[in-house]
Amino acid sequence: MLVALIGNTQVLYLKNKYLEIYKDDKSIISATAVVIKGPSEGEYNYKYTVKARTGKYKNKKFIVYINKKNKKLLEYGDLIEIKGEYSAPEVARNYKGFDYSQYLKTLNIYGTIKVEESKIINKNQLSPILISINNIKEKMIDNANRNMPKRTANLLLGILIGERDIQEDIIESFRTANLSHILAVSGAHTSYIILGITYLISKSKTPKRIGYIITIINLLIFIIITGASYSVVRACIMAIVVIGAKICYRKENFFTSICISLIIILIQNPFAINDIGLKLSFMGTAGIVIFNKSITNFFIKLKIKQKIAEALSVTFSAQLMIMPITILNFNTISLTFFISNILASPLLGIIIIFGFISIFISSILNPISKVLFLILHIFLELLILVSKVTEKIPGSSILVKTPNILFA
């Protein structure tokens with residue numbers, strides 16, 4: 001009861017903060033802000049996310065649109081002075097329609113500003129650590145774009161660090177084939193990063209506890225590189241809690257780690273509970289832990305080989321938990337999800353491992369990396385082919401009526 005009271009009080013306080021800013025809808029506002037994300041190129045504008053530094057809007061985040069006529073692109077960490085028309089985000093106009101206001105609240109964003117005047121005041125006005133990590137991210141993007149065709153380079157960056165410049169037809173194909181989770185950086189990526197770091201540490205004969213600390217630091221860097229999406233934060237915090245338990249010589253516990261990760265996310269932003277990605281990530285992970293063993297045993301009793309049974313079990317376990325969410329939010333159900341996931345999962349592992357190796361090697365040994373990027377291109381095209389073929393299987397995406405919330 002105490003937690004509920006504190007939580008609801010915090011939500012009401014934050015709602016009032018949003019409503020206070022929404023009163024300025026359609027007003028011309030001026031602000032000094034720092035660029036924390038962007039640019040993203042549209043047809044007529046460049047899109048940035050900024051955080052205000054002064055006045056009424058201090059520490060509040062906005063999406064700003066700057067006309068392409070302003071040819072000087074802003075950079076991460078630029079301190080800028082802007083003047084433009086503020087627009088409060090729209091709420092859903094129809095039942096189950098898209099609620100832009102709710103969506104922006106999950107990102108801690110207070111609305112949009114169509115900029116009329118902008119001026120760069122200073123450069124590199126964020127933490128040197130954040131600037132350095134962003135430079136690493138930009139280098140990764142540049143290396144992929146230089147060595148691969150745009151179609152597969154964008155898909156690779158979407159899989160590795162959550163960049164969203166993937167072609168619409170590929171996104172739709174993955175969605176219909178029930179492979180959207182591949183484009184959301186989460187637990188699988190974290191696992192491969194931990195395995196890679198652990199392998200390098202073991203070869204360097206670094207003491208175990210120092211190795212654990214190095215792994216935690218790298219996970220924190222990975223959170224920042226991927227833009228701190230909730231699925232990544234969930235996976236990394238859970239991993240950090242488990243590693244922390246080893247450092248303190250304590251036994252790790254799944255439910256402790258998943259609850260700690262959710263509490264940290266919701267303390268930072270209670271509106272995150274409405275994020276579909278967060279729900280899918282947490283429920284899918286819980287499903288794997290709760291049902292995996294029993295479903296594996298069930299498949300083995302059906303005389304299915306153990307490795308195939310384990311692969312099927314992971315997919316079925318996750319789907320059991322996320323199916324009500326997909327029905328309520330997308331009105332779809334898939335009867336062929338296990339086919340697409342079994343075909344795609346091995347490819348995903350290869351792409352993640354080869355992807356990180358290729359991108360980092362390209363900064364040192366470009367000729368060797370070109371061969372790796374060629375291999376990557378082939379595997380990415382295979383992954384696209386899997387999505388294109390499996391989306392055409394009857395039953396891959398069945399439209400269903402929204403059930404009563406009591407039965408969902």
Side-chain angles (χ1 to χ4, degrees), residues 3-4 7 162 180-182 184-199 201 208-209 211-223 226 228-270 272-300 306-307 309-326 337-338 341-342 345 348-349 352:
V3 170
S180 293
H181 61 279
I182 284 177
V185 184
S186 59
H189 305 72
T190 307
S191 300
Y192 285 117
I193 287 170
I194 293 170
L195 284 172
I197 294 168
T198 303
Y199 175 77
I201 288 169
K208 257 188 181 181
R209 296 184 83 181
Y212 290 147
I213 293 168
I214 291 170
T215 305
I216 289 172
I217 291 169
N218 278 278
L219 288 175
L220 293 172
I221 291 171
F222 185 62
I223 288 174
T226 54
S229 66
Y230 294 125
S231 57
V232 176
V233 173
R234 189 271 309 162
C236 289
I237 291 177
M238 286 182 68
I240 288 168
V241 171
V242 170
I243 295 167
K246 290 179 180 178
I247 292 173
C248 301
Y249 301 107
R250 297 287 297 273
K251 187 177 180 181
E252 68 268 16
N253 179 279
F254 165 75
F255 291 104
T256 300
S257 60
I258 197 169
C259 287
I260 288 173
S261 63
L262 183 58
I263 288 167
I264 290 172
I265 289 170
L266 295 182
I267 287 173
Q268 188 269 331
N269 181 13
I273 198 68
N274 295 314
D275 185 77
I276 302 299
L278 178 138
K279 294 175 185 176
L280 294 173
S281 178
F282 275 89
M283 296 302 286
T285 305
I288 291 169
V289 173
I290 295 168
F291 300 119
N292 189 32
K293 191 174 180 180
S294 55
I295 293 177
T296 300
N297 292 335
F298 172 75
F299 283 133
I300 289 172
Q306 185 159 344
K307 285 188 176 180
E310 288 171 354
L312 283 169
S313 176
V314 169
T315 302
F316 273 90
S317 300
Q319 286 294 323
L320 274 174
M321 293 295 274
I322 69 172
M323 194 174 288
I325 299 170
T326 57
F337 59 85
F338 58 94
N341 279 271
I342 284 177
S345 293
L348 178 64
I352 291 172

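- With hydrogens and angles disregarded, a donor-acceptor distance shorter than 3.5 Å links the side chain of Ser261 to the backbone of Ile258.
- Residues satisfying the side-chain hydrogen bond (donor to acceptor under 3.5 Å, both in side chains) criterion with Asn253, sequence neighbours excluded, are Thr256.
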Audit row: Thr326, Leu280, side-chain contact (heavy atoms from CB on, under 4.5 Å) steps and yes/no: CA-CA 8 Å; Thr326 57; Leu280 294 173; 4.3 Å; yes
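- Between Ile352 and Ile193, the closest side-chain pair of non-hydrogen atoms is not below 4.5 Å.
- In terms of heavy-atom proximity, Lys279 sits nearest to Ile273 at CE-O, 3.1 Å.
- For the atom pair Ile213 CD1 and Thr215 OG1, the distance stands at 9.5 Å (nearest 0.5 Å).
- At a cut-off of 3.5 Å, with distance as the only test, a side-chain donor of Thr296 or Ser313 sits close to an acceptor on the other residue.
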Full working for side-chain contact (heavy atoms from CB on, under 4.5 Å) between Tyr249 and Arg209: CA-CA 10 Å; Tyr249 301 107; Arg209 296 184 83 181; 3.7 Å; yes
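- Here the side chains of Ile194 and Asn218 are not in contact, with every heavy-atom distance at 4.5 Å or above.
- Residues Thr226 and Val232 approach most closely at OG1-CG1, 3.3 Å, considering heavy atoms.
- Ser317 and Ile295 make their closest contact through OG-CD1, 3.6 Å (heavy atoms, listed as atom of the first residue, atom of the second, distance).
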Derivation of the side-chain contact (heavy atoms from CB on, under 4.5 Å) call for Phe299 and Glu310: CA-CA 8 Å; Phe299 283 133; Glu310 288 171 354; over 6 Å; no
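- Closest approach of Met321 and Met283 over heavy atoms only: CB-O, 3.1 Å.
- For the pair Ile240 and Leu220, the minimum side-chain heavy-atom distance is below 4.5 Å.
- Inter-residue side-chain proximity for Phe254 and Ile290 is flagged as unmet; no heavy-atom pair is nearer than 4.5 Å.
- Taking every heavy atom of both residues into account, Ile265 and Arg234 meet most closely at CD1-N, 4.2 Å.
- Here the shortest heavy-atom pairing between Ser281 and Thr285 reads O-OG1, 2.7 Å.
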